[in-house]
Amino acid sequence: MLNFNLPRYLPSAEELPDSDETPVDNELQELIPGLLKSTLLILWAERMDWFFGVDMGIYYHPDELPIVPDGFLSLGVERCYDEELRPSYVLWDENVVPILVLEVVSPNYRKEYTIKLDEYAALGVLYYVIYSSRRRRKPRLEVHKLVKGRYELLEGNPVWLPAIELGIGCERGNYGGVIREWLYWYDQDGKRYLTPEEQIKESQKRAQLAEERSQQLAAKLQALGVDVE
């Protein structure tokens, strides 16, 4: 766990930038964590003890630049503490280190497999997820777990994360009209959770089937001379 050595007087989240103001190198750095977050918003709709940040600064010391992963998940925190929501994620306010961070490797390599491994390990992040669609000879998705201060690579796709009670993996799908490989959440049996768009389509399909069955039943009753009105 990182030893903060914090000064006595500390700025609040409202006084700190929400990111490092560095533009993303690739649209996927926003879309992939955005998909994971939007799925959680439905999957955990009744829970108010979690937060998923996208391109948001994590502050561990007021005199140091924040660490800004493409996405991160914290458990045991307030989903939102006022209507203005979080401008940034400040560890001395939250008192909870993110349990998972996600880095989507862009064409401009940002040391995701080297320096950031050490940074997130020092911070105490349990799961470090790296995704690179350009990899050919090595796995595109890597999930690392912090064990005794060092990250160990977990095998499989999807990978079950017991501390979160979710799995994470990659497969081809359609998100926002784009057919390609995306990251998704999975249950313990390896079944993928539907995206919000897929859930809407499933609901529409169920409603249509229910309407068709209702019409078929009404036709049968009418054939038997029953007044369906």
Side-chain angles (χ1 to χ4, degrees), residues 19 23-47 50-56 68-75 79 98-110 112-113 116 120 125-145 153-212:
S19 73
V24 296
D25 300 318
N26 189 295
E27 190 178 6
L28 292 176
Q29 291 174 274
E30 295 179 344
L31 290 177
I32 288 176
L35 171 56
L36 293 172
K37 180 175 183 175
S38 64
T39 304
L40 284 182
L41 286 170
I42 294 179
L43 189 62
W44 289 350
E46 303 302 318
R47 291 181 57 173
W50 64 278
F51 176 74
F52 195 101
V54 177
D55 192 32
M56 176 179 285
V68 189
D70 293 313
F72 68 88
L73 172 66
S74 288
L75 298 180
R79 174 69 190 86
I99 195 169
L100 178 148
V101 296
L102 166 67
E103 292 286 359
V104 179
V105 180
S106 69
N108 297 322
Y109 177 60
R110 299 178 300 166
E112 288 88 352
Y113 297 97
K116 289 191 176 182
Y120 292 130
V125 175
L126 181 60
Y127 299 114
Y128 176 32
V129 180
I130 314 172
Y131 175 73
S132 174
S133 60
R134 291 175 170 79
R135 276 192 151 191
R136 295 294 179 266
R137 297 181 179 178
K138 293 184 178 181
R140 292 185 295 277
L141 176 67
E142 289 191 0
V143 180
H144 301 259
K145 181 180 180 181
L153 182 63
L154 303 178
E155 301 293 333
N157 179 34
V159 178
W160 178 248
L161 311 175
I164 303 176
E165 297 187 337
L166 286 173
I168 192 168
C170 58
E171 64 177 88
R172 289 187 68 81
N174 188 332
Y175 176 54
V178 179
I179 299 175
R180 56 157 287 124
E181 186 175 74
W182 297 100
L183 297 191
Y184 298 99
W185 299 115
Y186 296 78
D187 67 15
Q188 193 167 6
D189 296 322
K191 182 179 179 182
R192 179 170 70 82
Y193 286 109
L194 298 180
T195 67
E197 183 179 22
E198 291 170 335
Q199 292 192 39
I200 291 172
K201 290 181 178 179
E202 283 292 314
S203 296
Q204 292 173 338
K205 184 177 180 180
R206 287 194 295 268
Q208 182 179 354
L209 289 174
E211 177 64 22
E212 291 174 355

request  = Measure from NZ or CZ of Arg192 to the centre of the six-membered ring of Trp185 and say whether it is under 6.0 Å with the direction within 45° of the ring axis.
outcome  = no
key: Contacts of Leu31 that satisfy side-chain contact (heavy atoms from CB on, under 4.5 Å) - sequence neighbours left out   = Glu27, Tyr175, Trp182
inquiry  = Contact between Tyr184 and Thr39 at the side-chain level, heavy atoms closer than 4.5 Å - yes or no?
reply    = no
remark   = dist Leu141:CG -> Ile168:CD1 (nearest 0.5 Å) comes out at 6.5 Å
request  = Taking the side chain as every heavy atom from C-beta outward, state whether Tyr127 and Leu73 have any atom pair closer than 4.5 Å.
outcome  = no
Donor-acceptor under 3.5 Å (Asp187 side chain, Asp189 main chain) = yes
ask   = Out of curiosity, Lys145 NZ to Leu154 CG, how far, rounded to the nearest 0.5 Å?
value = 7.0 Å
message = Quick check: do Leu36 and Leu102 have side-chain heavy atoms less than 4.5 Å from each other?
response = yes
query = Under the side-chain hydrogen bond (donor to acceptor under 3.5 Å, both in side chains) test, which residues partner Lys116, sequence neighbours left out?
reply = Glu103
inquiry  = I want to check something: taking the side chain as every heavy atom from C-beta on, are Pro69 and Tyr128 in contact at a cut-off of under 4.5 Å?
reply    = no
remark   = Looking only at heavy atoms, the pair that brings Trp50 and Leu75 closest together is CB-CD2, 3.8 Å
task = Hey, could you give me the CG/CD1 distance between Leu126 and Ile164, rounded to the nearest 0.5 Å?
result = 7.0 Å
remark   = With sequence neighbours left out, the residues meeting side-chain hydrogen bond (donor to acceptor under 3.5 Å, both in side chains) with Tyr193 are none
query = Quick one: CD on Glu197 to OG on Ser38, what's the gap to the nearest 0.5 Å?
reply = 9.5 Å
task = Compare all side-chain heavy atoms of Glu142 with those of Leu153 and state whether any distance is below 4.5 angstrom.
result = yes
Glu112 CD to Tyr120 OH distance, which is reported to the nearest 0.5 Å = 8.5 Å
inquiry  = Test side-chain contact (heavy atoms from CB on, under 4.5 Å) on Phe51 and Arg79; report intermediate values, then the result.
reply    = CA-CA 5 Å; Phe51 176 74; Arg79 174 69 190 86; 4.0 Å; yes
request  = Please report the shortest heavy-atom distance between Gly190 and Pro158, naming the atom on each side.
outcome  = CA-CG, 4.3 Å
message = Under the side chain to side chain donor-acceptor pair (under 3.5 Å) definition, can you give me all pairs with a residue in residues 154-169, not counting sequence neighbours?
response = none
inquiry  = Any heavy-atom pair between the side chains of Val105 and Arg134 that's under 4.5 Å?
reply    = no
request  = Among residues two or more places apart or on two chains, list those pairs meeting salt bridge (Lys or Arg N to Asp or Glu O under 4.0 Å) that have a residue in residues 174-185.
outcome  = Arg140-Glu181
message = Applying salt bridge (Lys or Arg N to Asp or Glu O under 4.0 Å), can you list everything that pairs with Arg47, at least two apart in sequence or on another chain?
response = Asp49
query = Does a side-chain heavy-atom distance below 4.5 Å link Ile99 with Leu161?
reply = no
query = Closest approach of Gly71 and Pro33, non-hydrogen atoms and distance?
reply = CA-CB, 4.2 Å
inquiry  = Looking at every non-hydrogen atom in both residues, tell me the closest pair between Phe72 and Met56 and how far apart they are.
reply    = CE2-O, 3.8 Å
Between CZ on residue Arg135 and CD1 on residue Ile130, distance to nearest 0.5 Å = 7.5 Å
Side-chain touch Val68/Asp55, heavy atoms, less than 4.5 angstrom = yes
task = Report the C-alpha separation of Leu183 and Val104 in whole Å, then their side-chain angles, then the decisive distance to 0.1 Å, and conclude whether the side-chain contact (heavy atoms from CB on, under 4.5 Å) test is met.
result = CA-CA 10 Å; Leu183 297 191; Val104 179; 5.6 Å; no
